[in-house]
Amino acid sequence: MATSSEPILCMTDIDKHFPGVIALTKARLTVRPGEVMALMGANGAGKSTLMNVLGGVISPNGGTIELSGATVAFQSPRDSKAAGIAFVHQELTMFGTMTVAENIFIDDFPMASQLTDTRRMRAEATRLLDLVGARIEPDMPVEQLGTGDRQLIEIARALRRNPKVIIFDEPTSSLTDRERHRLFEVVRSLRQAGAAVIYITHFLDEIFAVCDRVTVMRDGTTVSDNAIAEVTAADVVRLMLGPTEEAGRLRPPTPSSASALVEVSGLSRSGALRDVALSLRPGEIVGLWGLLGSGRTELIRALMGLDPIDDGRITWFGDGQGRSVTPTELCGFAGLVTEDRRGEGIVAPQSITDNVALPNLGHLSSALGVIDGRRAEKLACETMNRLSVKASGPQQAIGTLSGGNQQKVVLGRWLAVQPRLFLLDEPTRGLDVSAKTDILKLVVELAQSGCAVLFVSSELGELMRVADRYLVMSRGQIIDDLPPTASEDDLMRAVA
Amino acid sequence: MSVQADPTLPAPRLRLRQYLPSLILLVLVATLLTVMWAYMPNFFRLNNIINILLQASILGLLAIGMTGVLITGGIDLSMPANMALAAVLGTMAMRSTGSAAIGPVVMLAVGLALGAVNAVAVARLKMIPFVVTLSTMTVVSGTCIWITNSVSITGLPPSYTHTLLAKPFGIPVGVFAMVLFTVIASFVMQRCVPGRWLYTVGLNPRAARIGRVPVDRVIAGAYLAAGLMAGVTAVLLTARLGSASANMGADALTLDIIAACVVGGVSTFGGVGRAYGAVFGAILITVLSNVMNLAGVSFYVGLVIKGAVIVAFVAAEHRWRH
């Protein structure tokens, strides 16, 4: 139902630089009243920055924002709010012990002289809740409500001032199917009422369910703006990911015919993973492919015992016969690199030597547990040489290294441990091209030496350089198992 | 094994502000010593120094135990209470059996057992250290008063006091114990695997977990060690006082322990600090108490000053580290 009326919001050529980073270059976004605009983009495409500019959280270095035809410049979130722009955040920003009405009016209580006007607040809350079709008592404490209801409360809060533009930021990421459909109804009714909606999501099926147009961002700029009927899901994926870098495979596909090293079945975690089954064989690199929010990271975390699981069975064949193990035990057999390098990879204030030594302390110490400092330093030097880590020396604090060098250490420290299984979640995130290639080469070496590698990357081109087969994930399930001959097109279609 | 230094990278530079806490400490020590010397010209005589060290030994040993817990990012408020109960039960055991050897065994066992209670609550049940050890402290000191009726328990076997109050080479056993445990704790924390784990857990528990550190066991170990140190101090203090009582675990002692650690450079945020630093802090706090005593400052004003010293150091640490 694309309308042809004048745009209500028109963001043109928005630039934003942060020290050392260009976050936005000539980003554009146009939305008309009575229209739902999907805003899509991979991680780091600039969606959040653009929305922060719109929300008055950050001010752009260049470009114009026109609202109802007049140029505006927001100095603060307050300005943006007053101009009729409202955000619906994920449900996490609620105060559980306060009532629904209090949560709706948390930043602007209706006042009667110096006291909050509870009666007006309740009446107003009831009206807003009706508007979003929520049958919730305004006096209920929020903590007694489910996620779907909380999401509706967030929307009610956003509608408080009759906004002209409403931004939904990944509203469905923690909703059940029924709650999602209820949310779609609300979005459609807002459109009916003439509001302009910007809908940010990672789920492609949703944009075809509720949106009229789709704007795609990539690398800080807007790459397309189409009516939804003009594009297919595969088009959107292609636009989001951009042309795959023309870099050759690092080794020819080497499907492993060995028997499985580890088998997983029925792995489930409420709200994240559903009945995941997979097996990994020695010597193969399995690319875990899926869009953001598909459950890739959740799968790695569940396999390693970092997040609890509800159900599932893991069988480890590392000692000959298979035996059932817990995720925490499996973690003891694996080399693990998570996507959060600062939070879970490095111990920032400690030296490179100490970081390399951490999982190797058993080998680097005497029977009484005294650490052999010289051997630890030797190991650190070997690791640094093998991965060409740039640092002033093994005693430099790892936190002061560049991201690529930190990551080399985080991965490299496992080499001496010699685990037979590697789980790598975005090991190349934020790295420059040469560091990326170094890491990928190392991954190939690991597979050649007989390790099983489960490799997650949101860059398809990178995955295609090393993967011997692909497991495709969507909504917490493994939906496909593709051979190494799968083309870029096949892979994009698989997730679309 | 050669790593080439990359000239394009700045060598990690030490800045003045990293040294500021130590500098301030140095000034504080110099002032205290000058005051001491002005009031008491014979302060610097060997005998007197040894005396100060003996006074500081109880606080120093407790501070060593507290250091491990603080490095994990926790706190153990129950140490003095645990020490008192260990002392009381140990003394009762000695009195009823007449055996001097049973006392230290009971005291160490009670200390460890109470440490284990804290360890399970914090490491296994994931309870908040502050709340857990505050509860332990209350329960334990309540029990202690209940058992003793607030009366000192005397009647130690003479061989017990005789052995522990001995002064081989003119140096009291208590001072030996403090030096011995300082060396052991510093060595284990600096050079051994459990020590490395301890710091890693304090600095980044999530990264430690992924780096195969048994995080829960490390945290449990720290509380157990604190319990053990409470037991050790119970043995020494009972001998020195010639009796055991619920009073031994006065609340003000908890403050002194934390003050010693903080002044000695142990971070209340976890991950930073040395055992010898805490012992140095303990000596400093003892001298400070002496100075205030000599200057005629009342006990209560003394508490105010010590509390202020802790706040000042924590505030300074927060500023300089972040």
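Residue numbers begin at 1 in each chain, while the letters A, B, ... track the order of the sequences.
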### Task
Enter the distance from A/Gln350:CD to B/Thr200:OG1 here, rounded to the nearest 0.5 Å.
4.5 Å
### Task
Could you check if a side-chain atom of B/Arg191 sits within less than 4.5 angstrom of a side-chain atom of A/Ile371, using non-hydrogen atoms only?
no
### Summary
What one should report as the nearest heavy-atom pair of A/Leu358 and B/Ala207 is CD2-O, 4.4 Å
### Query
When you look at CZ of B/Phe187, are more than 12 heavy atoms from neighbouring residues, nucleotides or ligands closer to it than 6.0 Å?
yes
### Message
Tell me whether B/Asn204 contacts the main-chain N or O of A/Ala348 through its side chain, where contact means a donor paired with an acceptor under 3.5 Å.
### Response
no
## Note on the structure
When the 4.5 angstrom heavy-atom criterion is applied to A/Arg413 and chain B, the contacting part is side chain
## Note on the structure
Greatest number of non-hydrogen atom pairs under 4.5 angstrom with chain A, of B/Pro194, B/Cys192, B/Gly271, falls to B/Cys192
### Message
Less than 4.5 Å to any heavy atom of chain B: does that hold for the side chain of A/Ile346, its backbone, both, or neither?
### Response
backbone
### Task
With the side chain counted from C-beta on, respond yes when A/Val417 and B/Arg212 share a heavy-atom pair under 4.5 Å apart, and no when they do not.
yes
### Query
Do the side chains of A/Val347 and B/Tyr199 get nearer than 4.5 Å, heavy atoms only?
no
### Message
If you define the side chain from C-beta out and look only at heavy atoms, does anything of A/Leu306 sit under 4.5 Å from B/Ile210?
### Response
yes
### Message
Are there over 12 heavy-atom neighbours, none belonging to A/Arg375, within less than 6.0 Å of that residue's CZ?
### Response
yes
### Message
Run the salt bridge (Lys or Arg N to Asp or Glu O under 4.0 Å) test against B/Arg206 and tell me which residues pass, sequence neighbours left out.
### Response
A/Asp340, A/Glu344
#### Entry: Within 6.0 Å of CZ in B/Arg217, more than 12 heavy atoms from elsewhere
no
#### Entry: Residue pair A/Cys331 / B/Arg209: nearest heavy atoms and the distance that separates them
SG-NH1, 3.8 Å
### Task
Might you confirm whether atom CD1 of B/Ile128 has over 12 heavy atoms from other residues, nucleotides or ligands at distances under 6.0 Å?
no
### Message
Just to be sure I understand the criterion: a residue of residues 332-339 of chain A counts if one of its heavy atoms is under 4.5 Å from a heavy atom of chain B. Which ones qualify?
### Response
A/Gly332, A/Phe333, A/Ala334, A/Gly335, A/Leu336, A/Thr338
